[in-house]
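Remarks on the structure that follows.
We count residues from 1, following the sequence as given.
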Amino acid sequence: MTPAMSLITVVIPTYNREKYLPTAIESVLNQTHKEWKLLIVDDASTDHTQAIVKKYLVDPRIHYMLLPENSGIGKTMAAALERIDTPYFVSLDSDDWFDEKTLEILLDEMERQPETTNVVFSNTVFWKEVDGKRELSEIMRPPLYEDKYYYLEAPMVWPRFYRTQAVRDVGGFECDDPMQGRYSHDKYMLLKLIGTGDIHWVDANLYHYLIHESNNSHTKNWPQWTKARKYILTKILKLWGDEYEPVFVYTPEGWIYVNELIPKEKPS
């Protein structure tokens, strides 16, 4: 069977997620929109990821890429970007899953937008893993701002349905921060795209995010997140015109956030 012409690549970056990966893959297979490519990028997993993926490769729409060594999510997404040949792509974490209409709705919305729209996103349904079972936690309708500076501290958005060329135009997924792209790669990319174009929200519950003990964003990783965030947010402000000096505050738990933006004096 020859796959139909695809406009969308779904990227699943994964590392040692054998417990969750089948749910992510099945959520792509169950999409109402069938004309997609799926690229699973394995960041040198040491579990049974390769064996799990192998049984899905009978579907010609599904492709597998194994990285030679563990490099982190930023470098994994950078490797994926080199392989993408569709005008749009969307990332799906390997412990999360899509609503069955996610691709149908996001593609329709993006195609209605002007070319200045770099990203389309939606509401996120959060689940908690408790004693091996999923419990509904909350549904997040993300705050929307006219002023891009508010997005420095806005909650992250899911799913991120990207215009591929826009991502390439801003330099792709960079790993120049102190943690080499292992933390906050998604915020980094979103803020770069906000600096060059528009983002568009769809009022639909299209992404399911699972909270569990091995999430990359777990509080035990906050010291690493802090190092990455300080670098990234400082760089973004420079990319956005270098008009403000950030004042950072550290919480007792170790998180860092921008408390204030002080206008820089313009040369006379």
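Under a 3.5 Å cut-off, the side chain of Gln31 and the backbone N or O of Leu103 do form a donor-acceptor pair. The backbone N or O of Pro87 lies less than 3.5 Å from no partner atom in the side chain of Arg163, so there is not a single donor-acceptor pair. Of the possible donor and acceptor atoms, none in the side chain of Lys227 sits under 3.5 Å from a partner among the backbone N and O of Trp222. Side-chain N or O atoms of Thr102 include one that pairs as donor or acceptor with a backbone N or O of Leu206 at under 3.5 Å. Judged by distance alone, with hydrogens and angles left aside, the side-chain atoms of Asp43 form no donor-acceptor pair with the main-chain N or O of Thr76 at under 3.5 Å. With hydrogens and angles ignored, the 3.5 Å screen pairs a side-chain donor or acceptor of Thr226 with a backbone N or O of Gly254. Asp47 places no side-chain N or O within donor-acceptor distance of the main-chain N or O of Lys19, the cut-off being under 3.5 Å.
Ion pairing between a basic and an acidic side chain is recognised when a charged N comes within 4.0 Å of a carboxylate O; Lys101 and Asp99 show no such pairing. Here Lys264 pairs with Glu245 in a salt bridge; the nearest charged N to carboxylate O distance falls below 4.0 Å. Contact check on Glu174 versus Lys192 returns a salt bridge, with a Lys/Arg side-chain nitrogen under 4.0 Å from an Asp/Glu carboxylate oxygen. No salt bridge links Glu82 with Arg168; every basic N to acidic carboxylate O contact stays at or beyond 4.0 Å. Between Asp85 and Lys37 a salt bridge is recorded (basic side-chain N to carboxylate O distance below 4.0 Å).
Glu253 CD: more than 12 foreign heavy atoms inside a 6.0 Å radius. Atom CD of Glu138 is surrounded by more than 12 heavy atoms from other residues, nucleotides or ligands within 6.0 Å. By the 6.0 Å contact criterion, NE2 on His48 is open, its count of non-hydrogen atoms from other residues, nucleotides or ligands being 12 or less. Counting heavy-atom neighbours within 6.0 Å of Lys34 NZ, excluding the residue itself, gives a total above 12. Other residues, nucleotides and ligands contribute over 12 non-hydrogen atoms within 6.0 Å of the NZ atom of Lys235.
With sequence neighbours excluded, the residues satisfying salt bridge (Lys or Arg N to Asp or Glu O under 4.0 Å) with Asp108 are Arg112.
Tyr183 and Leu191 fall into different hydrophobic clusters, where Ile, Leu, Val, Met, Phe, Trp and Tyr residues are linked whenever their side-chain heavy atoms come under 4.5 Å apart, directly or through other members.
Side-chain contact check for Phe89 versus Met77: some heavy-atom pair is nearer than 4.5 Å.
In this structure, Tyr150 and Tyr145 have parallel ring planes: the angle between them is below the 30° cut-off, well short of the 60° mark.
The aromatic ring centroids of Tyr88 and Phe161 lie less than 6.0 Å from each other. Aromatic ring centres of Trp97 and Tyr20: separated by at least 6.0 Å. For an aromatic pair to be called close, the ring centres must be under 6.0 Å apart, and Tyr188 with Phe173 fails this.
Thr14 contributes atom OG1, which lies 5.0 Å from atom CG of Leu21 (distance to the nearest 0.5 angstrom).
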